[in-house]
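Structure first, then comments.
Just so it is clear: chains get the letters A, B, ... in the order the sequence lines come, proteins before strands, and each one is counted from 1. As the structure is a computational prediction, the values presented were derived from the model and not from experiment.
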Amino acid sequence: MENSTQCSQMNGGTNMMPGSGQEESKTNLIVNYLPQTMTQDDIRSLFASIGELESCKLIRDKATGQSLGYGFVNYKGAADAQKAINSLNGLRLQNKTIKVSLARPSSESIKGANLYISGLPKSMTQLDLENLFSKCGSIITSRILCDPQTGTVAGGIPVKWFDGSRNGEDEDAGEGSSSNENQSISKGVGFIRFDQRSEAERAIKQLNGTIPEGATEPITVKFANSPSSNKNALPIPPVAAQYLTPTRRFLGPIHHPAGRFRFSPLDSGQLLPNNLITGNTMNGSGWCIFVYNLAPETEENVLWQLFGPFGAVQNVKVIRDFATQKCKGFGFVTMTNYEEALMAIQSLNGYTLGNRVLQVSFKKHKNT
DNA sequence: CGACGGGACGC
DNA sequence: CGACGGGACGC
């Protein structure tokens with residue numbers, strides 16, 4: 001129905017449509033990369049702050065009920081939908097950067113259009129990859145996997161903003177110099193999602209086994225695995241579950257103009273430890289939590305997953321030995337709200353992770 | 001048992 | 001050799 005060149009391939013443009021007069025469904029949005037803990041109501045309240053909604057749906061795993069990390073938000077008016085894209089696309093929520101874009105009309109032909117590509121030269125950038133595949137069709141998303149370890153910059157969020165699927169590349173304007181010395185090292189594998197499955201099939205036929213210009217080895221192009229297997233993600237959102245009952249569900253957004261509601265179950269001011277009132281751990285922007293007895297191979301995502309369910313997590317840090325890059329057994333988590341930090345500590349202190357019993361407390365002052 | 005980072009006024 | 005994203009189309 002739509003002219004294959006819909007708004008899907010918006011390279012080169014910003015996220016406001018240049019001037020193509022496509023008046024299809026400009027009210028329905030797809031929201032991707034939602035934090036695991038966000039509920040449908042969380043999403044609704046976030047997007048309803050922009051304008052009146054027609055509907056809102058979080059997609060969940062049918063069997064487990066777990067969020068699949070994306071959903072659909074349909075506005076009554078197209079202007080509000082566009083406004084939501086402009087203001088919420090790229091919003092950081094917990095450890096995620098959400099993506100907000102127009103949803104394509106649901107159709108069989110767009111399913112199974114995701115490709116897995118391996119054997120890429122390390123020097124190949126996301127843009128190179130797109131250039132290679134764009135001749136086969138309209139690219140929705142592209143991505144090159146990078147070594148996670150190099151991405152652990154202070155701030156804990158290795159997100160380099162998302163895929164070049166929408167605004168081509170503004171990275172040249174970004175860090176100026178970082179283009180060459182690619183701070184993160186490509187693993188030589190990547191993904192391309194096409195608009196249509198037929199385009200993906202074409203890409204396999206045309207590009208599988210071929211050697212990219214300037215490369216020496218052929219690449220492998222195949223369909224990506226179905227996203228059914230849940231590889232990462234801790235066994236369970238530990239004890240946090242009991243705090244996430246409907247009666248006291250809380251929204252996780254860290255900082256967003258629309259000040260969110262916040263419950264405060266504890267009013268007794270003396271709950272604050274003495275050494276905390278002075279502001280030792282209260283860094284002006286958050287409460288720093290010390291986590292002890294982490295396994296040597298612990299990575300940042302473990303801390304995100306452990307603490308995320310309790311509320312707004314600003315930052316996590318796994319302390320590693322410089323030489324071995326193994327975790328030294330402890331790490332830090334900074335949470336925005338005291339109540340949430342306290343609940344996380346109370347719930348996770350003594351929690352058995354793997355075969356280790358965690359010790360979790362507010363970070364102590366350096367010299368006391 | 002053990003155990004609390006790292007960068008950092010920047011007008 | 002290698003390896004499945006941050007779960008992208010209504011679960």
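- Taking a centre distance below 5.5 Å and an interplanar angle below 30 degrees as the stacking criterion, Y292(A) stacks against the six-membered base ring of dA3(B).
- M335(A) contributes atom CE, which lies 8.5 Å from atom CD1 of I345(A) (distance to the nearest 0.5 angstrom).
- Taking atom CD1 of I30(A) as the reference point, atom C1' of dG10(C) lies 9 Å away to the nearest angstrom.
- A salt bridge is defined here as a Lys NZ or Arg NE, NH1 or NH2 lying under 4.0 Å from an Asp or Glu carboxylate O, and R320(A) with E299(A) fails to meet this definition.
- Rounded to the nearest 0.5 angstrom, R202(A) CZ and I204(A) CD1 are separated by 12.0 Å.
- Remark: the S118(A) side chain and the dA3(C) base include no donor-acceptor N/O pair separated by less than 3.5 Å.
- With no hydrogens or angles considered, a side-chain donor-acceptor pair links D128(A) and T125(A) at under 3.5 Å.
- Atom CG of N89(A) is separated from atom P of dA8(C) by 15 Å (rounded to the nearest Å).
- The glycosidic torsion of dC4(C) lies within 90° of 0, which places this base in the syn conformation.
- At whole-Å resolution of the value, CG in L34(A) and C1' in dG10(C) are 14 Å apart.
- With salt bridges taken as basic N to acidic carboxylate O contacts below 4.0 Å, one links E201(A) and R197(A).
- As judged by a 4.0 angstrom heavy-atom cut-off over every strand, K111(A) is placed among residues touching the sugar-phosphate backbone only.
- In this structure, the aromatic ring of F191(A) is not positioned over the six-membered ring of the base of dC4(C) within 5.5 Å between centres and 30° between planes.
- Set against dG10(C), dG5(B), dA3(C), the side chain of C288(A) has dG5(B) as its closest nucleotide.
- For the pair L145(A) CG and dA3(C) P, the computed distance is 11 Å after rounding to whole Å.
- A close approach under 4.0 Å does occur between a side-chain nitrogen or oxygen of K96(A) and OP1 or OP2 of dG7(C).
- Rounded to whole Å, atom P of dG7(C) lies 10 Å from atom CG of N32(A).
- Listed by residue number, K222(A), A224(A) are the residues of residues 214-224 of chain A with a heavy-atom contact under 4.0 Å to DNA chain C.
- Ring to ring, Y70(A) and Y33(A) are not that close: their centroids are 6.0 angstrom or more apart.
- Put simply, CZ on R104(A) is 13 Å from C1' on dG10(C), counting in whole angstrom units.
- What separates CG of L68(A) from P of dC9(C) is a distance of 9 Å, to the nearest Å.
- Comparing dG10(C), dC4(B), dC4(C) against the side chain of K363(A) picks out dC4(B) as the nearest.
- Straight-line distance between the C1' atoms of dG2(C) and dG6(C): roughly 22 Å, to the nearest whole Å.
- Interatomic distance, CG of N89(A) versus CD of Q82(A), reported as 10.0 Å (0.5 Å rounding).
- Within the structure, every side-chain polar atom (N or O) of T141(A) is placed at least 4.0 Å from both OP1 and OP2 of dA8(C).
- Comparing dA8(C), dG10(C), dG5(B) by their closest approach to the side chain of F330(A) singles out dG5(B).
- Of the listed nucleotides (dA3(B), dA3(C), dG10(C)), dA3(B) has the atom at the smallest distance from the side chain of Q359(A).
- Interatomic distance, K187(A) NZ to L120(A) CG, rounded to the nearest 0.5 Å: 12.5 Å.
- If you take CG of N293(A) and P of dC4(B), they are 13 Å apart, rounded to a whole angstrom.
- Expressed to the nearest 0.5 Å, how far CD1 of I144(A) lies from CE of M124(A) amounts to 7.0 Å.
- dC9(C) takes the anti form, because its glycosidic angle lies more than 90° either side of 0.
- When distances run from any side-chain atom of F332(A) to the nucleotides dC9(C), dG5(B), dG7(C), the shortest one goes to dG5(B).
- Here dG10(C) is the nucleotide among dC4(B), dC4(C), dG10(C) with the atom lying nearest to any side-chain atom of N28(A).
- In terms of phosphate contacts, K57(A) brings a side-chain nitrogen or oxygen within less than 4.0 Å of OP1 or OP2 of dC11(C).
- The listed nucleotides are dC4(B), dC4(C), dG6(C); the one nearest the side chain of R143(A) is dG6(C).
- Within 4.0 Å (heavy atoms only), F72(A) reaches at least one base atom of the nucleic acid.
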